[in-house]
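Beneath this line is the structure, given in structure tokens, with notes to follow.
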Number of protein chains: 2
Amino acid sequence: MPPTCPHNTEINCRDCRMNALCLPIALELDEVDKLNDIIRRGRPLHRDDHVYDMADEFRAVYAVRSGCIKTYSTDNEGTEQVTGFYLPGEIFGMDGIATASHISAAVALETSAICEIPFSQLEDLGIRMPSLQRYFLKLMSKEIANDQHLITLLSKNSAQERIGTLILSISARNAQRNLSRTRFRLPMSRADIGNYLGLTVETVSRVFSRFQKLDILRVDKKEIEIIDLTRLQHEAGI
Amino acid sequence: MPPTCPHNTEINCRDCRMNALCLPIALELDEVDKLNDIIRRGRPLHRDDHVYDMADEFRAVYAVRSGCIKTYSTDNEGTEQVTGFYLPGEIFGMDGIATASHISAAVALETSAICEIPFSQLEDLGIRMPSLQRYFLKLMSKEIANDQHLITLLSKNSAQERIGTLILSISARNAQRNLSRTRFRLPMSRADIGNYLGLTVETVSRVFSRFQKLDILRVDKKEIEIIDLTRLQHEAGI
DNA sequence: CGACGCGTTGAATGTTGTCAAACCGAGTGG
DNA sequence: CCACTCGGTTTGACAACATTCAACGCGTCG
């Protein structure tokens, strides 16, 4: 395996191809090495492997190196609420800080590699490296901002707008990683999309069909091609 | 004015009647004094006075000492999304950390007193007082948890359940401040409630009427009395 | 007094959910 | 090799809940 292969356990932050998106972006090179020293990289996760479960003790936050992680919570009646999809370069697991135990679960949607960042060590490092501390606060604040965008989406927008917005979000995040903005594979099922956006599977399916009929998207199972980006933005209300 | 009057500008954290809910809860007495030194208390805000506007430079976070603060964001078409209601003892304004400018606005719903906590000084203090740093991270994490509860509410619950849950939330937060759990005044308008919960004013009004007809609530404009708490919890899906 | 903001109520409309059926591809076992 | 199941997806018909549009009541303030 070349050193930059995302599934490689031996990789370090300095060489990781995500270091322009991930925590290292805030750090000087020597600081990156200190961060690298506390990070634990396990073997790749397979589909349906859990990173943590609801109510698990909170010990670490995580960075996605490859694949896709879904976070969700379950209420007392057992119904799931998907709270986020995390792509390479993104950090998840910050929900547990307040209560010392996770209020959501995290599961791999496909074969994924993640970096585990033990929180107590990250806190210690933050005290010695204010830029890291500040960047971590920024990350949490960004998480709040994301959640509030989702709240607005759920509160104000139609099924079509919600789904259009999600596709555009994934497209933009792919572009950040120098992947195609217009052709990609959705890592999540229709059920996950519907759950995340407060819609039924049937509605999700119908909206995909409508977008296809309107020549805005070409949809083949999970493969998506955005044919008319402008019109998709318009239908998404952007 | 007695020293504990919530509108008193001269009050300090040590004597503030909210110190069992607010940031001081994490601190030793001498640390509270250090925190107190950086806090700025302006004159009380009146209804519709803004604490900050969208896109204002992020300089501070804020604690509510009395009254009620509403946060909201506005999209490019000018439609508002209410993102939160903050009661005494609660902290708001953390949305701006990521972007250095606020992504929402904060406005007083009634005469309110707030404490301004300059963020750069809070950061400095946090480096010297790890317990403060940790508690602030907890606060942000709690904000994330709140947002995710709202996401679930919007995504999965009916109008009746959403409104019931909001009333129960305000009731519980009142109880924390040793106010009545069953009789209180809603500080926000029907429009704000609807906006927050993704419903129209008419729907909010209808649900209040239904709860009243079912002898679960007694509603008189903004005055609320919870007559049957158990049944309200049931209707709210709890 | 009249205008206005806010809240309530009614009737009609519509988007989305529910229920049911069928499809499709992948994997399994006879 | 084929029939089979199974999960995920699609489509249709119908029902339900919330929205929309409209009217009205009530209190406040100029």
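In what follows, every chain begins at residue 1, and chains take the letters A, B, ... in the order their sequences are listed.
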* Structure fact -> In whole angstroms, the gap separating P of C:dG17 from CG of B:L154 amounts to 14 Å
* Asked: Checking all strands, does B:G194 fall into the base, sugar-phosphate, or nothing category for heavy-atom contacts under 4.0 angstrom?
  -> nothing
* Structure fact -> When rounded to whole Å, the CD to C1' distance for the pair A:E223 and D:dG8 reads 16 Å
* Report the distance from atom CZ of B:R162 to atom C1' of D:dT19, rounded to the nearest whole Å. => 12 Å
* For the pair made of CZ in B:R210 and P in D:dA16, what is the distance, rounded to whole Å? -> 15 Å
* Structure fact -> To the nearest 0.5 Å, atom CE of B:M188 lies from atom OH of B:Y196 at 8.5 Å
* Any cation-pi pair here, A:R190 with A:F208, using under 6.0 Å and within 45°? -> yes
* Round to a whole Å and report the spacing from CZ of A:R185 to C1' of D:dG8. => 12 Å
* Asked: Between A:R65 and A:E90, does at least one N-O distance fall below 4.0 Å, as a salt bridge requires?
  -> no
* Asked: Over how many whole Å does the gap from A:L186 atom CG to D:dG8 atom P extend?
  -> 15 Å
* To do: May I ask you to decide if the ring planes of A:Y62 and A:H102 are parallel, tilted or perpendicular, using 30° and 60° as cut-offs?
  => tilted
* Mark up nucleotides 5-10 of chain C, 5' to 3', with B wherever a protein heavy atom is under 4.0 angstrom from a base atom, S wherever such an atom reaches only the sugar-phosphate, and - elsewhere. => --SBBB
* Asked: Which residue pairs satisfy the salt bridge (Lys or Arg N to Asp or Glu O under 4.0 Å) criterion with at least one member in residues 148-166 of chain B, sequence neighbours excluded?
  -> none
* Asked: Can you tell me how far C1' of C:dG25 sits from CG of A:D220, to the nearest Å?
  -> 11 Å
* To do: For A:R210 and A:Q160, test the side chains for any donor-to-acceptor distance below 3.5 angstrom and give the result as yes or no.
  => yes
* Measure from NZ on A:K213 to C1' on D:dT11 and round the result to the nearest Å. => 10 Å
